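Hydrogens, waters and symmetry mates play no part in the numbers below; they use all other heavy atoms, side chains included. Residue numbering restarts at 1 for every chain, and letters A, B, ... go by the order of the sequence lines. Note that the coordinates shown come from a computational prediction; the quantities given were computed from them, not determined experimentally.
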Protein chains: 2
Amino acid sequence: MNKEEQVIMGFRDLYNKIVWLNKDKMEESLKGFKSSEVHCIEYIEKNVDSNVTKLAEYFYMTRGAISKLTKKLIKKGLIESYQKSDNKKEIYFRLTEQGKVIYKIHEDLHKEFQERDKAVFDKITEEQFDSMLSFVEKYSKHLDQEIKKMDIDNKSE
Amino acid sequence: MNKEEQVIMGFRDLYNKIVWLNKDKMEESLKGFKSSEVHCIEYIEKNVDSNVTKLAEYFYMTRGAISKLTKKLIKKGLIESYQKSDNKKEIYFRLTEQGKVIYKIHEDLHKEFQERDKAVFDKITEEQFDSMLSFVEKYSKHLDQEIKKMDIDNKSE
DNA sequence: ATTATTTTGTTTCCTTGTCAACAAAATAAT
DNA sequence: ATTATTTTGTTGACAAGGAAACAAAATAAT
């Protein structure tokens, strides 16, 4: 296995581990709430005027899936929808008071995760951080171009 | 957002992009086969005596899900199961000739992906590679310990 | 201004994966 | 040797998410 593969596979495995471990811890603390619901709440709080489409793009999910998820969150009383007077099509979301409680608990949990992993990050130099960030940025931009290419291909079919 | 978050979020987004883009390309080339099926085939070919449990651990999925997936692959004639004379419990998998054809196509596709992303990796120095790999390794080991801790907690409940 | 295209959100059907319970075999404990 | 525990794979009920078709609104094209 060459280094490119090692990096990709390494990050894949690392990412899966983080997701798996945090998901478990989260559903342990926030009983009754799925990690997908909590992440949705997190995004809505951090991004004003978020709607189904933006959530779907961010989470790499279909609009259909997000539509169902947000409906469930409304039913649970964690978020509410609103519209703007000059647009009768787009539907935005914001947290309810109850939703903000969940958000706060999640925030604390997040800090707990950071504390848990502090030892690892403390050993990383500023140069290493910047090097990794630059790699991520370059690769990400490259893939964006490839995705754009694919969209064009699909349209011309 | 601090650098730790930037790195984690950056890799999360990068990983999602790669998965999303490659999945699309893969299901375009290997029509009739889902990316999950192909990945399963890939693992079976690369790891002798792979069974349901090992596959589940590798893919961070439940044994139930893998059990269904492998049954489907057997039905499709891509893999076959076998046992060893000294163990009547464990069931292993290997590829059929037809499965090897799919594996080969996937390999070629993989090379195509590497070629596609070559430009990005060419700009990475040996030091950057090693720095990233060392980070991944350290973080991964740290999480393994945390996962082990959690297992103990769950057992003592 | 009218028509065509795109965007946005929803719903239905279907696939995939989880969860929990289970049986059979292997291993550990006594 | 016998019993208890753990490991392994399977199943059925259920939930989450994707694909495609759809209507309504917004935007672009003419």
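Salt bridge B:Lys111/B:Glu107: absent, no basic N to carboxylate O contact under 4.0 Å. Salt bridge present: A:Lys46 and A:Glu42 bring a charged side-chain N and a carboxylate O closer than 4.0 Å. Using a 4.0 Å cut-off between charged side-chain N and carboxylate O, A:Lys3 and B:Glu126 make a salt bridge. Note on B:Lys54 versus B:Asp49: no salt bridge recorded, every NZ/NE/NH1/NH2 to OD/OE distance being 4.0 Å or above.
Between A:Ile66 atom CD1 and C:dT7 atom C1' the separation is 17 Å, expressed in whole Å. Put simply, CD on B:Glu57 is 14 Å from P on C:dT18, counting in whole angstrom units. For A:Phe59 and D:dG18, the CZ to C1' distance is 17 Å, given to the nearest whole Å.
For the pair A:Leu109 and A:Val38, the minimum side-chain heavy-atom distance is 4.5 Å or more. In this structure the side chain of B:Val120 reaches within 4.5 angstrom of the side chain of A:Phe135, judged on heavy atoms.
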Query raised in the report: Can you give the dot-bracket line for DNA chain C, using ( ) for pairs inside the strand, [ ] for pairs that cross earlier ones, | for pairs with another strand and . for unpaired bases, where Watson-Crick and G-U count if both distances are under 3.5 Å?
Result: ||||||||||||||||||||||||||||||
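In this model, a donor atom of one side chain and an acceptor atom of the other lie less than 3.5 Å apart for A:Gln128 and B:Ser131. No side-chain donor-acceptor contact under 3.5 Å links A:Arg63 and A:Asn51.
Both cation-pi conditions hold for B:Lys84 and B:Tyr92: the charged atom is under 6.0 angstrom from the six-membered ring centre and inside a 45 degree cone around its axis. Both tests hold for A:Arg94 against A:Tyr82: distance to the six-membered ring centre under 6.0 Å, angle to the ring axis within 45°.
For the contact set between residues 30-55 of chain B and DNA chain D, defined by any heavy atom under 4.0 Å, the members are B:Asn51, B:Val52, B:Thr53. Of the residues in residues 68-86 of chain B, those placing a heavy atom less than 4.0 Å from an atom of DNA chain C are B:Lys68, B:Lys72, in numerical order. Contacts between residues 87-94 of chain A and DNA chain D, defined by a heavy-atom separation under 4.0 Å, are made by A:Asn87, A:Lys88, A:Lys89.
Ring pair B:Phe11/B:Tyr139: centre-to-centre distance not below 6.0 Å.
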Between N or O atoms, less than 3.5 Å apart, protein on one side and nucleotides 20-23 of chain D on the other: list the pairs.
none

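Listed by first then second residue, pairs satisfying salt bridge (Lys or Arg N to Asp or Glu O under 4.0 Å) with a partner in residues 30-39 of chain B read B:Glu37-B:Lys72, B:Glu37-B:Lys76, not counting sequence neighbours.
Residue A:Ala65 is in sugar-phosphate contact alone, with no base atom involved, counting any heavy-atom pair closer than 4.0 Å across all strands shown.
The two atoms that bring A:Thr96 and A:Gly77 nearest to each other are OG1-O, 2.6 Å, heavy atoms only.
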Requested in this report: Test ring pair (Phe, Tyr, Trp, His ring centres under 6.0 Å) on A:Tyr58 and A:Tyr43 and set out the steps.
Outcome: CA-CA 9 Å; A:Tyr58 182 76; A:Tyr43 183 89; 4.7 Å; yes
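A side-chain donor-acceptor contact under 3.5 Å links B:Asn87 to the backbone of B:Glu90.
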